[in-house]
Each structure stands twice: as structure tokens, then as C-alpha cells.
J.: 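Please read through the structure below; I'll follow up with questions.
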2 protein chains.
Amino acid sequence: MGLTKTEMFTAEQNQLAQLLKAMAHPARIAILQRILLSNTCICGDLVDELGLAQATISQHLKELKNAGIIQGNIEGVSVCYCINPETWVLLEERIGGFLGAYKAPSSCC
Amino acid sequence: MGLTKTEMFTAEQNQLAQLLKAMAHPARIAILQRILLSNTCICGDLVDELGLAQATISQHLKELKNAGIIQGNIEGVSVCYCINPETWVLLEERIGGFLGAYKAPSSCC
DNA sequence: CCTATACATCGTATAATTGCAATATAACAA
DNA sequence: TTGTTATATTGCAATTATACGATGTATAGG
């Protein structure tokens with residue numbers, strides 16, 4: 001139905017899925033990498049650097065904002081975006097805990 | 001259009017996005033956690049443990065398989081699934097490199 | 001006030017995702 | 001062969017995602 005049954009899963013599972021989904025798009029990864037690269041806020045240049053329409057970029061930025069991964073500050077005419085430190089740390093913890101749970105098994109099928 | 005313009009991004013960005021998307025669903029996170037928990041292959045029990053229909057579980061398993069995150073081995077009547085070690089390591093490297101690129105800025109907007 | 005710039009939002013077309021019932025398949029048992 | 005068990009696949013309906021043109025909004029400069 002295109003409708004995820006979130007009520008069957010734990011809050012942690014849903015939250016991790018939501019964070020992963022917010023990043024699970026090459027454009028949004030590119031946006032985040034661009035923000036990470038400048039290590040500070042980045043204003044508007046994104047539209048010029050990625051090959052997508054302005055409306056599309058704005059939409060991706062909105063999704064990253066909704067997920068809490070980035071935050072935007074109005075800077076005169078333009079808007080500056082930067083990483084939300086709290087969410088980023090949470091993300092590292094959750095993903096680290098998830099991926100780190102894997103121990104190479106001694107024997108498997 | 002519901003069609004991602006993959007040609008505008010690097011192979012790494014597309015690959016990371018694809019891996020993240022494969023995990024970006026609470027049911028698939030639950031499946032992976034269940035596999036990680038037993039630290040070995042897990043046969044069929046998933047349908048009983050998650051509250052989703054058999055067809056739905058099978059579909060999620062297929063997506064995880066397509067992404068290369070898990071692999072399935074036929075074990076008589078049933079099928080055993082386990083983590084694909086190579087992909088898991090790749091995943092840790094890619095996500096680690098991505099998340100680790102963040103340095104808390106001294107000053108931001 | 002008028003214009004330009006920088007984004008955001010709306011509307012729309014298209015495509016992908018989610019979930020399940022029904023059905024198919026494959027292996028084993030009797 | 002017939003039936004049972006365990007998965008996979010198919011087909012469908014509902015929902016969400018992607019992308020963009022068009023339009024709205026807000027700030028700054030004249």
C-alpha cells in the first residue's frame with residue numbers, strides 16, 4: 001500500500017529507518033558531502049553545483065531539515081545550511097551500534 | 001517523476017544511496033537485527049517473529065538480497081539467510097567515511 | 001515603489017514503494 | 001502420486017517519492 005506499518009516496530013527501528021531514508025538519495029548525499037566539505041554553513045551554491053533544478057534542491061534540503069540532519073539559517077537574502085550536530089552524533093551512535101553488532105561467524109551455511 | 005537522476009552523481013554516491021535505501025525501512029532493519037542477533041544463518045522464523053505477511057517478508061528479504069547485504073542458502077525445504085560479509089565491510093567503510101567527515105565547526109551561523 | 005535575487009511552495013506527471021491475497025514452485029514425506 | 005511445508009512470484013490498490021515549471025514570498029538595492 002506504500003504505507004509502512006510503523007506501529008509494528010520499535011521507536012528506535014523507526015527512527016533509524018527515517019534517518020537512513022533521509023540520506024538514501026544520491027542528491028542528498030551530495031548535498032551533505034558539500035556541507036561537510038566546507039565545514040561550515042553553505043549558502044545557495046548548491047543549485048549551481050548539482051545539476052538539478054532549484055525547486056528540486058529546495059525539496060531535498062527540506063527533507064534533510066525535516067529529518068533534523070541539517071538546519072538552515074536565514075542570512076540576508078539567502079539561506080545558510082549546516083549540519084545539526086546533535087542529530088549527527090545520534091546518527092553515528094545508532095548506525096555504529098547497528099553495523100557494529102556484526103561479528104563474523106566462525107561457521108555459516 | 002519518481003525517477004532518480006543517477007547519471008548526475010558519482011558511482012560512490014549512487015552506491016551508498018542504494019545501500020542506505022535498502023536498509024531504510026523498519027522491517028528490513030528488524031530483519032537485519034534478527035540475523036545479527038543469532039550471528040549465523042536464520043531460517044524462516046522471521047515470518048513468525050515480525051507481524052507482517054509472508055509475502056511481505058519475502059519481498060523485504062529480496063530487496064536486502066538485491067542490495068547484496070544478505071545472502072540466502074537453500075537448506076532443504078527452507079532457506080537460510082545471513083549477512084554478506086563483503087558488503088557489510090564495504091558498508092561500514094562507506095558510512096564511516098561519510099559520517100566521519102564531520103568536524104564540529106568552531107563557528108557557525 | 002519597482003526590480004532583482006534567493007528560496008520556498010504548489011501543482012502535476014511519472015515512477016517507485018509497501019503490503020497482501022492468491023497463486024506458483026520446490027523439496028520432502030507418506 | 002498426493003499432500004504438506006516453506007518460499008517465491010504475481011497482480012493489485014494505496015501511498016509516497018522524484019523532478020520540474022510556475023508561482024509565491026521575503027529581503028535588499030535602486
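Given the structure is predicted, the values throughout are model-derived calculations rather than measurements. Throughout, a chain's letter reflects where its sequence line sits, starting with A, and its residues are numbered from 1.
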J.: Whole angstroms only, please: what is the CD1-P distance between A:Ile57 and C:dC7?
T.: 11 Å

J.: Report yes if a donor N or O on one partner sits less than 3.5 Å from an acceptor N or O on the other, where the partners are the side chain of A:Gln54 and the base of C:dA6; otherwise report no.
T.: no

J.: Take atom CD in B:Gln18; do more than 12 heavy atoms of anything else shown fall under 6.0 Å from it?
T.: no

J.: Take atom CD of A:Glu12 as the centre, draw a 6.0 Å sphere, and report whether it contains more than 12 heavy atoms from other residues, nucleotides or ligands.
T.: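 No, CD of A:Glu12 has 12 or fewer neighbouring heavy atoms, counting only those of other groups under 6.0 Å.
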
J.: Rounding to an integer number of Å, can you tell me how far A:Met8 CE sits from C:dG19 P?
T.: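 From A:Met8 CE to C:dG19 P: 9 Å.
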
J.: I'd like to know if the side chain of A:Glu49 and the backbone of A:Leu46 have a donor-acceptor N/O pair within less than 3.5 Å.
T.: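 No; zero donor-acceptor contacts below 3.5 Å.
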
J.: Take the protein atom NZ of B:Lys62 and the nucleotide atom P of D:dT10, then report the distance between them rounded to whole Å.
T.: 7 Å

J.: Does a side-chain N or O of A:His60 approach OP1 or OP2 of C:dA8 to a distance below 4.0 Å, or not?
T.: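 No, no such contact exists.
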
J.: Starting at the 5' end of DNA chain D, which residue's closest nucleotide do you reach first, B:Val47 or A:Arg28?
T.: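 Looking at the nearest nucleotide for each, B:Val47 comes out on the 5' side.
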
J.: May I ask you to test the A:Pro26-B:Thr4 pair for a side-chain heavy-atom distance under 4.5 Å?
T.: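 Contact flag for A:Pro26/B:Thr4 side chains = yes.
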
J.: So, does A:His25 get its side chain near the phosphate of D:dA19, meaning an N or O under 4.0 Å from OP1 or OP2?
T.: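 For D:dA19, OP1/OP2 do have a side-chain N/O of A:His25 under 4.0 Å.
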
J.: Let me check something: do B:Val77 and B:Tyr81 share a hydrophobic cluster, defined by ILVMFWY side-chain heavy atoms less than 4.5 Å apart, either directly or through other members?
T.: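 Unlinked, B:Val77 and B:Tyr81 end up in two clusters.
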
J.: What's A:Ala55 touching, base or sugar-phosphate or nothing? Going by heavy atoms closer than 4.0 Å.
T.: base

J.: Nearest to the side chain of B:Val77 - D:dC20, D:dA6, C:dT5?
T.: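 Given the options D:dC20, D:dA6, C:dT5, the side chain of B:Val77 is closest to D:dA6.
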
J.: Between atom CD1 in A:Ile74 and atom P in C:dT5, what is the gap in whole Å?
T.: 20 Å

J.: Does C:dC20 have OP1 or OP2 under 4.0 Å away from a side-chain N or O of A:Lys5?
T.: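 It does, given that an N or O in the side chain of A:Lys5 lies less than 4.0 Å from OP1 or OP2 of C:dC20.
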
J.: How close or far is atom C1' of D:dA19 from atom CD of A:Glu63, stated in whole angstroms?
T.: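 To the nearest whole Å, that distance equals 12 Å.
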
J.: Starting at CG of A:Leu50 and ending at C1' of D:dA19, how long is that distance when rounded to a whole Å?
T.: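 Answer to the nearest Å: 14 Å.
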
J.: Nearest heavy atom decides the nucleotide; on that basis, is A:Gln59 or B:Ser58 closer to the 5' end of DNA chain D?
T.: B:Ser58

J.: Strictly below 4.0 Å: does B:Tyr81 bring a side-chain N or O up to OP1 or OP2 of D:dA8?
T.: yes

J.: Please figure out whether A:Thr56 or B:Gly76 has its closest DNA chain C nucleotide nearer the 5' end.
T.: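 Upstream on the strand: A:Thr56.
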
J.: Does D:dA17 have OP1 or OP2 sitting under 4.0 Å from an N or O in the side chain of A:Lys21?
T.: yes

J.: Between atom CG in B:Asp45 and atom P in D:dT7, what is the gap in whole Å?
T.: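 The distance from CG of B:Asp45 to P of D:dT7 comes to 8 Å, rounded to the nearest Å.
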
J.: Can you tell me the distance, in whole Å, between the CG atom of B:Leu61 and the P atom of C:dT17?
T.: 16 Å

